[in-house]
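Quick note on labels: first sequence line is chain A, next is B, and so on, each numbered from 1.
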Number of protein chains: 2
Amino acid sequence: MPVLEREIGRFQTFLQGQGLKLTSERASLVREIFATHYHFEADELLFKMKEKSVKISRATIYRTLELLVKSGMVRRVHLGEDHYHYEHVSGNSHHDHLICTTCGAVIEFHDSTLEARQREICERKRFTPTFHNLQILGICESCSKKGELPDAPDRVKMIQLGALQLRK
Amino acid sequence: MPVLEREIGRFQTFLQGQGLKLTSERASLVREIFATHYHFEADELLFKMKEKSVKISRATIYRTLELLVKSGMVRRVHLGEDHYHYEHVSGNSHHDHLICTTCGAVIEFHDSTLEARQREICERKRFTPTFHNLQILGICESCSKKGELPDAPDRVKMIQLGALQLRK
DNA sequence: CCAGCAATTGAGACTCAGTCGCAACTCATG
DNA sequence: CATGAGTTGCGACTGAGTCTCAATTGCTGG
């Protein structure tokens, strides 16, 4: 997997710039994270590493995630639950999320018109934007076909309440 | 304060519709929440009630906030920290947030062009939106005048890391 | 107007994500 | 081969939010 090794190299460069070291624990985490093309939680990562018999502590996972976020290779996202999710930043593709409140599906999208408008708003408010985070909650195509619509308003409230347990 | 009493009435109507009761605790919380024209945390509310010698437990605060979110009178927002903030929904004015990563200021805005574009994106993805949440992080006008700009990228990462303690 | 019961409350135990302190360890460098 | 900066795992800790349960309160029908 040459891509994974390249990411490990990127991380190493970042670490060295900070006077830090690339350890085997950090390398396996990067490998795992960049092999997962989806949002994940810190504890999921811990579990997966255990599954693969890679011995690594929770503290190290959190510490490494922090470094990866600092390096810009991973970002933290809010997905409607009351704790963080993470996703790796593949190249430079910023995107936002449509979150289905019925089945928990997360659909990524990028729209430059939207982003341009955001910049206009910031300009008008004399605000210098550096980062943003947009989640649109609603019902995905397959759920609305299944007629899950009537339940929607309650589900949104549930996600607002943080009560929705996605993928569980 | 006739406005506050009207909100209490709205809440009572909602509660009665659910076979629930308006208690003095719930009424004082609504009064406090709608007197605060800003985002707040659950524990802030607890503290303020203690200050005013209104005896109310933490469990009740959380339970009442849940009911208020269900009723649509209050919404839960993410403001870059690792726990929720709440704000009352005044009338029907939906808005999003510009969050200054230097001073912690939160600027509200509403832009119908932006919202229209979001609806277009959803249509294209055959997604039925019901709610959304947009935070733009950056530097507010007064902070950039003070020349706080160079620090910005780090601050964004800090907020991404959840390490930034706003207003504390 | 009051009995009765469902809804509500407070207190404190609990959960769970995330953090911290610390002793043990690694490993490059002098 | 000693030094020391950086790293690790462990387990204790924190803090937001939830749950349980016994005691209490507010509404409603008689």
Side-chain angles (χ1 to χ4, degrees), chain A residues 11-12 14-30 39-47 49-50 53-70 74 76-86 158-166 168, chain B residues 8 11-30 40-47 49-50 53-70 76-86 158-166 168:
Chain A
F11 191 38
Q12 185 166 30
F14 166 80
L15 288 172
Q16 283 170 351
Q18 311 274 310
L20 305 178
K21 295 165 189 168
L22 178 74
T23 61
S24 64
E25 288 85 354
R26 289 178 180 169
S28 14
L29 280 173
V30 172
H39 317 91
F40 59 89
E41 309 175 14
D43 275 1
E44 254 171 58
L45 208 47
L46 179 61
F47 182 72
M49 300 311 276
K50 275 221 174 72
S53 316
V54 179
K55 214 169 134 279
I56 199 161
S57 76
R58 204 148 58 104
T60 300
I61 290 189
Y62 279 103
R63 286 187 283 235
T64 305
L65 280 172
E66 189 178 325
L67 289 170
L68 283 164
V69 171
K70 270 189 190 155
V74 164
R76 248 185 168 171
V77 289
H78 284 296
L79 248 37
E81 287 184 77
D82 61 356
H83 58 274
Y84 287 116
H85 285 238
Y86 298 85
M158 282 178 67
I159 232 178
Q160 269 274 297
L161 288 165
L164 188 66
Q165 296 299 311
L166 305 177
K168 270 174 196 168
Chain B
I8 291 173
F11 191 38
Q12 184 166 31
T13 306
F14 166 80
L15 288 172
Q16 284 171 349
Q18 311 272 312
L20 305 177
K21 295 165 190 170
L22 177 75
T23 61
S24 63
E25 287 85 355
R26 289 178 180 169
S28 13
L29 282 173
V30 172
F40 58 90
E41 310 176 12
D43 275 2
E44 255 172 56
L45 208 47
L46 180 61
F47 182 72
M49 299 312 275
K50 274 218 174 74
S53 316
V54 179
K55 215 167 133 279
I56 199 159
S57 75
R58 203 148 60 103
T60 300
I61 288 188
Y62 280 103
R63 285 189 286 235
T64 305
L65 280 172
E66 190 178 324
L67 289 169
L68 282 164
V69 171
K70 270 190 191 153
R76 247 185 168 169
V77 290
H78 285 297
L79 248 36
E81 287 183 78
D82 63 355
H83 59 273
Y84 289 115
H85 285 237
Y86 298 85
M158 282 178 67
I159 234 180
Q160 269 273 298
L161 288 164
L164 188 64
Q165 296 298 312
L166 306 176
K168 271 174 195 169

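- Atom CG in Leu65(B) sits roughly 13 Å away from atom C1' in dA16(D) (whole-Å rounding).
- The interatomic distance linking Leu45(A) (CG) with dC16(C) (P) rounds to 19 Å, in whole Å.
- Protein atom NE2 of His78(B) is 16 Å distant from nucleotide atom P of dA17(C), rounded to whole Å.
- Look at NZ on Lys50(A): it is 11 Å from P on dG9(D), rounded to the nearest Å.
- dT18(D) atom P lies 9 Å from atom OH of Tyr84(B), rounded to whole Å.
- A straight line from CD of Glu66(B) to C1' of dC19(D) spans 12 Å, rounded to a whole angstrom.
- For the pair Arg26(B) (side chain) and Lys21(B) (backbone), a donor-acceptor distance under 3.5 Å is present.
- Between atom OG of residue Ser28(B) and atom CG of residue Leu45(B) there is a gap of 10.0 Å, rounded to the nearest 0.5 Å.
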*Along nucleotides 5-12 of chain C, 5' to 3', which nucleotides get a B, which get an S, and which get a -, given that the test is a protein heavy-atom distance under 4.0 Å?*
-BSSBBB-

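- Atoms CD (Gln16(A)) and P (dA28(C)) sit 12 Å apart, rounded to a whole Å.
- Residues meeting the side-chain contact (heavy atoms from CB on, under 4.5 Å) test with Tyr86(B), sequence neighbours left out: Phe40(B), Ala42(B), Leu65(B), Val69(B), Val74(B), Arg76(B), Tyr84(B).
- For Tyr62(A) and dG18(C), the shortest distance from a side-chain N or O to OP1 or OP2 is below 4.0 Å.
- Using a 4.5 Å cut-off on side-chain heavy atoms (C-beta onward), Met49(A) and Leu29(A) make contact.
- Residues satisfying the side-chain hydrogen bond (donor to acceptor under 3.5 Å, both in side chains) test with Thr60(A), not counting sequence neighbours, are Ser57(A).
- In this structure, CG of Leu46(B) is placed 14 Å from P of dG15(D), rounded to the nearest angstrom.
- Listed here is the closest heavy atom pair of Leu46(A) and Ile56(A): CD1-O, 3.7 Å.
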